[in-house]
Amino acid sequence: MMSGKHYKGHEVSCCIKYFIFGFNIIFWLLGVAFLGIGLWAWSEKGVLSNISSITDLGGFDPVWLFLVVGGVMFILGFAGCIGALRENTFLLKFFSVFLGIIFFLELTAGVLAFVFKDWIKDQLNFFINNNIRAYRDDIDLQNLIDFTQEYWECCGAFGADDWNLNIYFNCTDSNPSREKCGVPFSCCTKDPADPEQKTYIHVKGCVPQFEKWLQDNLTVVAGIFIGIALLQIFGICLAQNLVSDIEAVRASCLFT
C-alpha cells in the first residue's frame, strides 16, 4: 500500500471506449432491423412455418441478403458494444479479428474479380439465367429482377431471348401461358408510344448494362469501397488501442 502518495498508472481512454460503444450500438440496432425484416419476409411467405421450402426456390432469395448482412452486423455490433462498455478484451479482440477477416475477404474478392473478369462475367450470366428460370417462384426475386431491369433499362442476361428459359415466357408449342413468347413488363420501354422509340422493349442485356454502369460510376464505386475499407481499418485500430489500454491498466494494478 502506498500511503501519502498518489499512484498514477495507465488509464482507459474514455473517448475511444464510448466512441466504439456508440458506433457499435448503432451498428447492432441496424443488424437487428435487417434480421427483423428478413424474418418478417420469410414469415409472410410461409417459410418459417415450413423450413423445407427454403430449398424449393431454384433462384436466389433476396431475403438471404437481409439475414446474412443483418447477422454479421448483429454479431459485430454486439461484440464491439459490450466489449467496449464492459472493457472485455476477449470481445474486443473478437470484434477486431472478425472485422479484419471481413476486410481481407473483401480485398481478396476485389483482386480476384479484377484478375478473373471473364470468369466472373460467365458466373454472373449463369446466376441471372438461373433467376430468370425462377422468376415466378418467389415474389421477392421477381421484384428484384424487375427493379434491376427497370433501373438499368435491360432485359435478360445478354438480351430478351434469355427469357425463353422461363416456362411462362418461352416460345415452345406446348406452352399454354398467356405470356408465351413475351417478356416481363420491366423489359418494356417507358414510352412505347413515342414515335422516336424504335423498339418496345429494352434490347440490351443486364450484364453489359451493369458493366457500362460500373465504368460510368467507377469513381463513385471506388470511393465507396475505399471509404468502407478505411472505416474498417479505423475500427480495428480503435479496438486494438482500447485492448492495449485495458491490458496496461490491469497490468499496472498488479504492481500497486
Side-chain angles (χ1 to χ4, degrees), residues 20-85 90-110 112-113 120 123-152 157 166 184 186 206-207 210 213-214 221 224-225 227-229 231-232 235-236 239:
I20 294 177
F21 170 77
F23 176 80
N24 279 283
I25 198 168
I26 296 173
F27 208 61
W28 179 77
L29 289 173
L30 286 173
V32 172
F34 271 73
L35 286 173
I37 292 171
L39 292 174
W40 171 80
W42 266 2
S43 176
E44 288 292 304
K45 293 191 291 187
V47 173
L48 295 182
S49 59
N50 182 19
I51 299 298
S52 62
S53 62
I54 295 176
T55 59
D56 293 342
L57 180 61
F60 172 70
D61 187 350
V63 176
W64 279 110
L65 276 177
F66 287 92
L67 293 176
V68 172
V69 173
V72 171
M73 292 176 69
F74 179 89
I75 294 171
L76 274 176
F78 177 83
C81 181
I82 302 301
L85 185 64
F90 173 79
L91 288 177
L92 287 171
K93 288 177 180 178
F94 173 81
F95 169 79
S96 59
V97 170
F98 198 0
L99 201 59
I101 291 173
I102 293 174
F103 174 75
F104 176 76
L105 291 176
E106 290 171 347
L107 185 62
T108 303
L112 291 177
I120 294 293
Q123 292 303 308
L124 184 60
N125 179 33
F126 178 76
F127 174 77
I128 293 175
N129 284 336
N130 269 349
N131 288 294
I132 285 175
R133 292 186 181 94
Y135 177 75
R136 293 293 191 200
D137 296 345
D138 183 83
I139 186 62
D140 292 323
L141 175 63
Q142 181 175 315
N143 289 334
L144 179 62
I145 292 175
D146 286 337
F147 171 78
T148 302
Q149 293 191 143
E150 287 179 340
Y151 182 79
W152 280 316
N166 188 278
S186 53
C206 292
V207 173
F210 175 67
W213 179 86
L214 276 181
V221 173
I224 292 173
F225 277 103
I228 293 173
L231 191 62
Q232 289 173 322
I236 293 170

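Heavy atoms only: backbone and side chains are in, while hydrogens, waters and symmetry mates are out.
Residue Leu144 holds its CG atom at 7.5 Å from CG of Asn131, rounded to the nearest 0.5 Å. Annotation: the span from Leu141 atom CG to Arg136 atom CZ amounts to 11.0 Å, rounded to 0.5 Å. Interatomic distance, CD of Glu150 versus CD1 of Ile145, reported as 12.0 Å (0.5 Å rounding). Interatomic distance, Ile25 CD1 to Ile20 CD1, rounded to the nearest 0.5 Å: 14.0 Å. The CD1 atom of Ile120 sits 7.5 Å away from the CG atom of Leu112 when rounded to the nearest 0.5 Å. To the nearest 0.5 Å, atoms CD1 (Ile75) and CZ (Phe27) are separated by 11.0 Å.
Using bins of under 30°, 30° to 60° and over 60° for the plane-to-plane angle, the ring pair Trp64/Trp42 lands in the perpendicular bin. Taking the six-membered ring where tryptophan is involved, the planes of Phe74 and Trp28 are tilted, since the angle between them lies from 30° to 60°.
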Quiz: residues 91-101 side-chain donor-acceptor pairs under 3.5 angstrom, not counting sequence neighbours:
residue	atom	partner	partner atom	Å
Lys93	NZ	Glu247	OE2	3.1
Ser96	OG	Leu92	O	3.3
Ser96	OG	Lys93	O	3.0
Ser96	OG	Gln240	NE2	2.8

*I would like to know whether Val221 and Trp213 meet side-chain contact (heavy atoms from CB on, under 4.5 Å); could you show each step before the answer?*
CA-CA 10 Å; Val221 173; Trp213 179 86; 4.0 Å; yes
*Kindly indicate, with the supporting measurements, whether the criterion side-chain contact (heavy atoms from CB on, under 4.5 Å) is fulfilled by Asp138 and Val63.*
CA-CA 11 Å; Asp138 183 83; Val63 176; over 6 Å; no
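When all heavy atoms of Cys81 and Asn24 are compared, the pair lying nearest together is N-CB, 3.5 Å. Smallest separation of non-hydrogen atoms from Asp137 and Arg133: OD2-O, 4.4 Å. Minimum heavy-atom separation, Ala229 to Phe103: CB-CE1, 3.6 Å. Asn166 approaches Ile132 most closely through the heavy-atom pair ND2-O, 2.7 Å. Smallest separation of non-hydrogen atoms from Thr148 and Cys206: CG2-SG, 4.5 Å. Of all heavy-atom pairs between Asp146 and Ser186, the closest is OD1-OG, 2.7 Å.
Counted within 6.0 Å of CZ on Phe78, heavy atoms from surrounding residues, nucleotides or ligands total 12 or fewer; the atom is thus considered open.
Checking side-chain atoms of Ser43 against main-chain N and O of Leu39 turns up no donor-acceptor pair under 3.5 Å.
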